[in-house]
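To start, the structure under review is shown below, and the notes come after it.
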Amino acid sequence: MSTLIELLESQLNVDVDSMDPNVAKRMPFTPHDMTSNQTVVNRQMQVPENRELFLSAVNEYGDKGWEAVLDRISALLCAANIDNIQGRVLLQTSPFHAYDTQKVVDHARRFATELERVGISKDRFCIKIPATGPAMNAGRILFKEGIRTLGTSLFSVAQAIASSQAGCLYISPYYNEFLAHANHKFWPKSDDPAIEHTMSHRMMQMLETYKRLYKKTGQEQPMIKVASFISVEEVMACGEMEMHSVTISAPVLADLCGMPAVPSPSTRIPGVPKVDMRNPYADARPTPARLARVSETDPLTANWDGTLPSTDIDYLADNGAELTKAIEADPTTKQRLYDALEAFKNEELISKAIIEKAIADLKG
Ligand SMILES: O=C(CO)[C@@H](O)[C@H](O)[C@H](O)[C@H](O)COP(=O)(O)O
């Protein structure tokens, strides 16, 4: 074992948060999943190497409108990388549909059709849906159709419980809020994020809640795929926290691939070998002693009284009314979810403008 990325892969599943095939190919092992979002698709469809792919989608689907073209491009970008990963490709439904169950279902079905058209079957893809009340209801419908989902833009235990009730395969808590990437004033930078990062507390609460739910019901729970990293220390902390997977952007991956796996204060080595991902909750271990108290506090809730959301609440009933209520009552989640959706909307609008121009050029 020579680098931090290899050490990490022994503790959890490493994924790429990039559609660039070179990112996956540069890794010293085959990454598990490939995640994406509106930013990632927008960036990747514009690189010169994908000009032909882009124009072929415009030619073929231009008459159906920009959304159909974007879905087609997204599927083609997945097809271009499927052989470089061992798990699933993930596409995210439009942020504009976040509060409309039927629109999320329809978009996920369109993605499924496009992915199957390029030869990617249901066991090789997963659809990202935002963890809102209406979108989680879509998750439940899609689950019955064999389309697996990931609850994303997720910042709270209530959203995590709702994702379990929806039958999500994964959830993606964002370690850092969206704004922190561009403005480090929003980044709780730390050399020991597992203990000190403000989001670690909620992530440990999510994992412990799922472990309890598994014990109580015997039903598999969503696996936790942590996203939105800024530092190497945050990624390595997930190994110690026994998260199931991490999806890492190209720059942070490059750092991890270049760092030797030697103990240092900011990378708490060794962690523990990964659980059996075929049955992760049956194989779950107790919380490591050093982190035993992390879930007992929540710095993101002012004057938290120590009570976790009840797993007996039906968060999906009545169009997700209880989840909507829980998000409203939690200013951190409300703000971060809003910021993430707005950022993704912005990116989608950029893609829309580019595609519409290409359609007009073609007709012109
Ligand atoms: O949620 C997942 C994976 O499930 C991620 O793709 C997640 O969207 C991203 O890590 C964050 O949104 C940060 O994205 P970016 O600004 O680095 O493109």
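In listed order, ligands and their atoms are each counted from 1.
The N/O atoms of T152, backbone and side chain alike, include one that comes under 3.5 Å of an N/O atom in ligand 1. The shortest N or O to N or O distance between K225 and ligand 1 is not under 3.5 Å.
Side-chain contact of N84 with T30: a donor-acceptor pair under 3.5 Å is absent, judged by distance alone. For the 3.5 Å distance criterion, the side chains of N42 and Q46 qualify, holding a donor opposite an acceptor.
Residue pairs meeting the salt bridge (charged side-chain N to carboxylate O under 4.0 Å, His left out) criterion with at least one partner in residues 53-71, sequence neighbours excluded, are E60-R72, E60-R117, D71-R110.
For NZ of K345, the number of neighbouring non-hydrogen atoms (other residues, nucleotides, ligands) closer than 6.0 Å is greater than 12.
Remark: minimum distance from atom 17 (O) of ligand 1 to any protein heavy atom is reached at H181 CE1, 4.4 Å. Among protein heavy atoms, the minimum distance from atom 8 (O) of ligand 1 is reached at N37 ND2, 2.9 Å. Of the protein's non-hydrogen atoms, the one nearest atom 16 (O) of ligand 1 is F178 CZ, 3.9 Å. Taking atom 4 (O) of ligand 1 as the reference point, the nearest protein heavy-atom neighbour is S172 OG, 2.7 Å. Scanning the protein for heavy atoms near atom 10 (O) of ligand 1, the closest one is D17 OD2, 2.6 Å. Scanning all protein heavy atoms for the shortest distance to atom 2 (C) of ligand 1 gives K128 NZ, 3.0 Å.
Residue-ligand proximity: S228 is placed with a non-hydrogen atom under 4.0 Å from ligand 1. Residue contact annotation: F229 has no non-hydrogen atom under 4.0 Å from ligand 1. Using a 4.0 Å heavy-atom cutoff, L90 is absent from the residues neighbouring ligand 1.
Neither the backbone nor the side chain of Y170 comes within contact range of ligand 1; no heavy atom lies under 4.0 Å. Contacts with ligand 1 closer than 4.0 Å are made by no heavy atom of Y175, backbone or side chain.
Applying the ring pair (Phe, Tyr, Trp, His ring centres under 6.0 Å) test to H97 and every residue at least two apart in sequence or in another chain returns H107.
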Apply side-chain hydrogen bond (donor to acceptor under 3.5 Å, both in side chains) to the pair Q102 and D106, showing each step before the final yes or no. CA-CA 6 Å; Q102 192 54 48; D106 290 345; 2.9 Å; yes
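Taking the ring centroids of F344 and F96, they lie at or beyond the 6.0 Å cut-off.
Between the side chain of N137 and the backbone N or O of G133 there is at least one donor-acceptor pair closer than 3.5 Å.
Per-residue contacts place L150 under 4.0 angstrom from the following atoms of ligand 1 (heavy atoms of the residue considered): 4 (O).
Relative ring orientation between H197 and Y175 is described as tilted, the plane-to-plane angle lying within the 30° to 60° band.
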